Amino acid sequence: MFHKIQPENLTMCENLGQGSFTKIYRGIKRDQEDSECHETEVLLKVMDSSHGNCSESFLEAASIMSQISHKHLVLLYGVSIKENSIMVQEYVRFGALDIYLKKNQSGGKVTASWKLEVSKQLAYALNFLEDKKIVHGNVSAKKVLLAREGDAASGSPPFIKLSDPGVSLTMLAKEMLIDRIPWVAPECISDPKNLALESDKWSFGATVWEIFSGGTMPTSALEPLLKLQFYQNSLQLPAPKWMELANLITQCMDYRPGWRPSFRAIIRDLNSLITSDYELLSDLSPSEL
Ligand SMILES: Nc1cnc(-c2cc(N)nc3[nH]ccc23)cn1
């Protein structure tokens with residue numbers, strides 16, 4: 001399991017929203033390091049008490065993520081399991097990527113190379129989990145947290161951290177699964193027990209599509225039945241203009257799990273994409289640059 005935190009050492013600040021079975025708050029964690037008291041800004045995920053049976057799944061997911069550490073995985077400080085389960089997570093300053101993308105569509109902050117850098121870092125995090133045979137099971141821009149915005153002018157890149165998956169999708173009701181189309185892999189809709197490493201590759205493809213489309217999914221507005229038909233008719237998301245990126249997304253979102261590329265191959269493709277981007281520029285004559 002993982003570190004137990006006394007609730008009296010936690011202060012709940014403002015509500016930041018809610019997850020499937022949780023309420024999210026910004027908070028403060030106090031530690032009595034020797035004599036002086038140390039305060040850390042944290043993210044508190046409070047499990048709704050009504051979903052008791054999900055709390056072990058919630059904690060199970062958290063404990064898996066807390067047993068490993070990687071720069072692109074969100075850090076879990078521990079849990080407080082007094083009245084209801086509270087997961088205490090590092091506070092990631094700019095929050096969820098889907099909201100950030102919607103807010104920063106224009107304004108030139110979010111360039112193609114910015115999006116590519118974020119996609120690469122997400123692939124690194126997922127490659128790390130794949131090497132350890134750990135399935136995330138809930139990859140989407142909502143679960144990608146932005147720690148640094150980056151700044152194109154000074155050339156400093158953005159920095160992301162992948163959040164915990166939350167309650168396992170094997171615990172979700174069918175309609176909640178359908179609501180996660182097109183991030184959830186098709187094989188998991190027919191049987192959630194099909195959740196495996198390959199499922200994360202599908203979700204990664206959908207997330208990269210989401211990142212390059214400014215955070216809106218064309219299926220979001222569809223009724224559940226129409227979402228289901230998207231998979232029944234083996235449809236694909238509309239291809240982005242950037243053909244090499246579109247090919248990578250299509251390879252990840254292959255309806256045959258075994259045909260999806262490894263994250264090592266995905267990283268190689270993303271790196272080549274960046275060079276092709278510069279090649280494109282270097283092909284232009286100085287006057288066209
Ligand atoms: N581990 C995490 C997760 N989410 C945040 C966060 C930050 C922010 N500025 N607004 C938010 N609104 C909702 C969540 C959130 C922070 N840290």
Side-chain angles (χ1 to χ4, degrees), residues 2-3 5 7 9-31 38-48 54-55 57-81 84-105 107 109-110 114 118 121-122 124-126 128-129 134 136-151 156 158-168 179-180 183 203 207 210-211 214-217 220:
F2 42 161
H3 184 52
I5 296 174
N9 293 334
L10 293 174
T11 301
M12 210 173 273
C13 304
E14 73 270 21
N15 179 306
L16 290 174
Q18 57 216 4
S20 309
F21 304 96
T22 56
K23 286 196 174 33
I24 314 267
Y25 300 86
R26 192 175 65 80
I28 305 288
K29 172 173 75 80
R30 268 177 305 285
D31 304 283
H38 189 70
E39 295 199 341
T40 313
E41 188 177 38
V42 293
L43 196 277
L44 300 173
K45 287 196 175 184
V46 184
M47 262 308 264
D48 297 346
C54 290
S55 64
S57 164
F58 172 78
L59 294 177
E60 163 72 18
S63 75
I64 292 170
M65 291 276 286
S66 68
Q67 276 150 25
I68 48 178
S69 89
H70 185 272
K71 62 180 180 176
H72 291 309
L73 290 180
V74 75
L75 180 64
L76 290 165
Y77 294 114
V79 287
S80 158
I81 38 181
N84 39 24
S85 307
I86 301 178
M87 188 199 301
V88 185
Q89 207 177 77
E90 80 173 287
Y91 187 81
V92 180
R93 182 140 173 264
F94 298 96
L97 186 62
D98 62 330
I99 296 168
Y100 184 85
L101 288 171
K102 286 178 182 116
K103 285 183 184 161
N104 292 278
Q105 269 281 41
K109 243 185 217 173
V110 178
W114 190 96
V118 163
Q121 291 179 19
L122 178 57
Y124 282 128
L126 290 168
F128 177 76
L129 292 178
I134 292 174
H136 186 276
N138 192 5
V139 178
S140 72
K142 195 192 301 289
K143 287 295 177 182
V144 176
L145 302 168
L146 193 61
R148 280 205 311 267
E149 290 187 283
D151 170 44
S156 80
F159 198 88
I160 60 105
K161 290 181 176 268
L162 177 60
S163 185
D164 67 289
V167 171
S168 161
D179 205 42
R180 287 191 183 181
W183 293 275
S203 306
T207 304
E210 184 183 12
I211 290 169
T216 44
M217 265 300 174
S220 297

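This is a predicted model, so every value here is computed, not measured. Atoms within a ligand are numbered from 1 in the order they appear, just like the ligands themselves.
The protein heavy atom nearest to atom 6 (C) of ligand 1 is Gly95 CA, 3.6 Å. At the top of the distance list for atom 17 (N) of ligand 1, counting protein heavy atoms only, stands Val92 N, 2.8 Å. From the protein, the heavy atom lying nearest to atom 9 (N) of ligand 1 is Arg93 O, 2.9 Å. Remark: minimum distance from atom 2 (C) of ligand 1 to any protein heavy atom is reached at Leu43 CG, 3.2 Å. Ranking protein heavy atoms by distance to atom 8 (C) of ligand 1, first place goes to Tyr91 OH, 3.3 Å. Closest protein heavy atom to atom 13 (C) of ligand 1: Leu16 O, 3.2 Å.
The backbone N or O of Phe2 sits nowhere less than 3.5 Å from a side-chain atom of Ser63 that would complete a donor-acceptor pair. Side chain of Glu210 to main chain of Ala141: a donor-acceptor pair is present (N/O by atom type, distance under 3.5 Å, no hydrogens or angles).
More than 12 non-hydrogen atoms from other residues, nucleotides or ligands lie less than 6.0 angstrom from NZ of Lys161. Other residues, nucleotides and ligands place no more than 12 heavy atoms under 6.0 Å from the NZ atom of Lys71.
The heavy atom nearest to atom 1 (N) of ligand 1, considering only Gln89, Gln18, Lys45, is found in Gln89.
Shown are Arg26, Arg30, Lys29; of these, the side-chain hydrogen bond (donor to acceptor under 3.5 Å, both in side chains) with Thr11 is made only by Arg30. Of the residues Leu16, Val79, Ile24, the one that meets the side chain to side chain contact (heavy atoms under 4.5 Å, CB included) test with Lys45 is Ile24.
One distance of note links OG1 of Thr207 with CG of Asp98; it measures 10.0 Å at 0.5 Å rounding.
Each of the atoms 1 (N), 2 (C), 17 (N) of ligand 1 lies under 4.0 Å from some heavy atom of Glu90. Less than 4.0 angstrom separates some heavy atom of Leu145 from each of these atoms of ligand 1: 1 (N), 2 (C), 3 (C), 4 (N).
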